[in-house]
Amino acid sequence: MAPDANPHQATVADGTPDPETEAAGGGLVDWAYVLHQLRSSPLTIVGLSLITLVLFTMAAAPWIAPYDPNRIDLTSRLAPPSLKHWMGTDQIGRDLFSRIIWGSRVSVSIGFAIVGISMLIGTVTGAFSGLVGGRTDSIIMRFMDVLLSFPSFVMAMALAAALGPDLINAMLAIAVVRIPFYVRLARGQALSLRERPYVKAAVTFGATRMQIVRRHVVPNAMAPIIVQSTLDIGSAILTAAALSFIGLGAQPPTAEWGAMVSAGRDYLLDQWWYATFPGLAILLTAVGFNLLGDGLRDILDPKLRAR
Amino acid sequence: MSLANIIRRRLLLLILVVFGVTLVTFAISHMIPGDPARMMAGERASDEIVEKMRENLGLNKPVAVQYAIYVGQIARGDFGTSIRTQRPVISDIKKFFPATIELALAAMLFAIIVGVPLGVISAVSKDRLIDHLSRSISVVGISTPAFWLGLLMILVFYGQLGILPGSGRIDGVIGPPTTITGFYTIDAALTGNWPAFKSAVQHLILPGLTLGFLHLGVVTRQIRSAMLEVMSEDYVRTARASGLSRRQIIYGHALRNALIPSITMIGLAFGDLLYGAVLTETVFAWPGMGAYVVQSISSLDFPAIMAFTVVASTAYVLINLFVDLIYMVLDPQIREVG
């Protein structure tokens, strides 16, 4: 639930940006403070480490994966975890450890893409809506209220089913249903920023609405949006994996974590490793983003810091 | 604004949402590649028959008219015939709906029974080991893929230990109890059918725990943060100053007030259980709406998918409305100000 910021209550302590330090759109990071916060929050460090590990895995997949993820080896089908195959093999002898490593590129990137798309469209729409105000604003917001009342997973599922089972379609379907969250968040920020002297000054100097949105509102509204999007990446990854699990996302032979769990389901009782390890990868990645998001919120939102 | 006004406004939103959902499902049905008339008539039907089918289905009429017909049918509870089961979709949904609600209620019950105390303990021992532990549990809860947790449960409790059943709602040998509410546990208890009751409860445990664990995190987080907020209020300090015991303050004052804002969150979470239910039911072969829609998806049974979307969305909005009303009744501040 994105709080609707009241422009009259907006202060620095609310987590809204300080115009003095931020009017230029950057340079607000107090690294000593960030380090202090990190040191006092072990869970954030765990989150940061997990995400670093995931990003490293994605980048270094070709070098750290012991096998080609699609190499079929019928002589070692459904082999249990061993020194040769750390996480065992699947029904056609592909090395699961290598497939999980390569799968990170698919499963995690899709999370970034979903959040990127919905954040971009949502933030611009919300900032515009808040700045323009009046009828346009109310129409946009009523429309968003309606969209927010849809059960998002069910809608994403219906959309993905209609578009056809495919990873890109699943990504688009999930991104679309997430847009309203960012619209509300950015609009609240825009409403409070609209009243700031430097935005009023920009209006006086004849800046267009798009210029104000791009130069002032978007950069200054970023802090809460970054927190929200970090928390969202975890759930976007989970949703994408879930769609893949029910057959609406990645299709074989793509190494994707949700689809791998789904394939491993048929061998659950005898080959426990098959479904277990890809699911563990999803879990650890989602935990990482959620912990990091919580940590970022504590660092960026001074109001919550007190608690 | 008076309570009646708020209700009126919310009902208006409800109508808008249901209207929006039908618009979306209608649009989606028209986005599907392929010709529905040909699909219904069969691949080898002659063009003449396909044309006749098109007329029967109203597909030759203008889009706006088609939409009006579609909404009219939905209003009468007519969602068409399922391509897969060849039965009216509405009777399928009626059959599977109670199973989903029973599962969701069991999950909610677990999440509340475990989550509320965990949130309270976490808040009163903020930043101590137990707080870190409980926060870790809640983060893991919201980060766990439902389908995977379900599989692990089956693997351990059914496969390895063999103490609980891993699929279905009831033992096939026993058979379902006489239908009264559609909830097997309640129906079995009402009719005094104890073997069926035992079996229904046993079948409910693993899916209920799976779905419940995902919501445990939401409940714990909400209670913790509401408790922390309440504990810093003046009246709690006053209560402390007047010598009330810690226990009296926590349970008598703080928790009661922390529960009010939590009702909204927990209620919304109940709406979200629909999401988890789709995955949990699939994994446990639980014959509910979620498993039904996933099977419909794999056979591209669009009348069934769209009917599920409309029914699930309407249920979701109704639950949210109901939760907000409870909230308003419980919180006089909201009732007065709106």
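Just so we're on the same page: letters track the sequence lines, and every chain starts at 1.
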Okay, A:D294 and chain B: the region with an atom under 4.5 Å from a heavy atom over there is side chain

When rounded to the nearest 0.5 angstrom, what is the spacing between CG in A:L163 and CG in A:N169?
-> 4.5 Å

Going by atom types only, do B:S82 and B:D301 share a side-chain donor-acceptor pair under 3.5 Å?
-> yes

Taking NZ, NE, NH1 and NH2 as the nitrogens, is one of them in A:D137 or A:R142 under 4.0 Å from a carboxylate oxygen of the other?
-> no

Top contributor to chain B contacts, counting heavy-atom pairs under 4.5 Å, from A:A242, A:P42, A:A275 = A:A242

Of all the heavy-atom pairs spanning B:V21 and B:S313, show the shortest one and how long it is.
-> CG2-CB, 3.6 Å

Salt-bridge contact B:D234-B:R237 (side-chain N to carboxylate O under 4.0 Å) | yes

Looking at B:V89, B:T25, B:V278, which one forms a side chain to side chain contact (heavy atoms under 4.5 Å, CB included) with B:F308?
-> B:V278

If one checks every heavy atom of A:L248 against chain B at 4.5 Å, the contacting part turns out to be side chain

Name the member of A:I246, A:T276, A:L43 that forms the most heavy-atom pairs with chain B at distances under 4.5 Å.
-> A:T276

Count the heavy-atom pairs under 4.5 Å between each of B:V317, B:L152, B:I297, B:I305 and chain A, then report the option with the highest count.
-> B:I297

For chain A, which of B:P145, B:G290, B:A146 has the most heavy-atom pairs under 4.5 Å?
-> B:P145

Answer key: most heavy-atom pairs under 4.5 Å with chain A among B:V283, B:T314, B:V293, B:L151 is B:L151

Under 4.5 Å heavy-atom distance to chain A, tell me which part of B:V140 shows up: side chain, backbone, both or neither.
-> both

Go through the atoms of B:L14 and report whether side chain, backbone, both or neither lie under 4.5 Å from a heavy atom of chain A.
-> neither

B:Y158 versus chain A, heavy atoms under 4.5 Å apart: side chain, backbone, both or neither?
-> side chain

When the ring planes of A:Y274 and A:Y267 are compared, do they come out parallel, tilted or perpendicular, using 30° and 60° as the limits?
-> parallel

Does the side chain of A:R178 pick up a donor-acceptor pair with the side chain of A:S235 at under 3.5 Å?
-> yes

Please flag which part of A:L284 lies under 4.5 Å from any non-hydrogen atom of chain B: side chain, backbone, both or neither.
-> neither

Against chain B, work out which of A:F153, A:F289, A:F143 has the most heavy-atom pairs shorter than 4.5 Å and name it.
-> A:F153

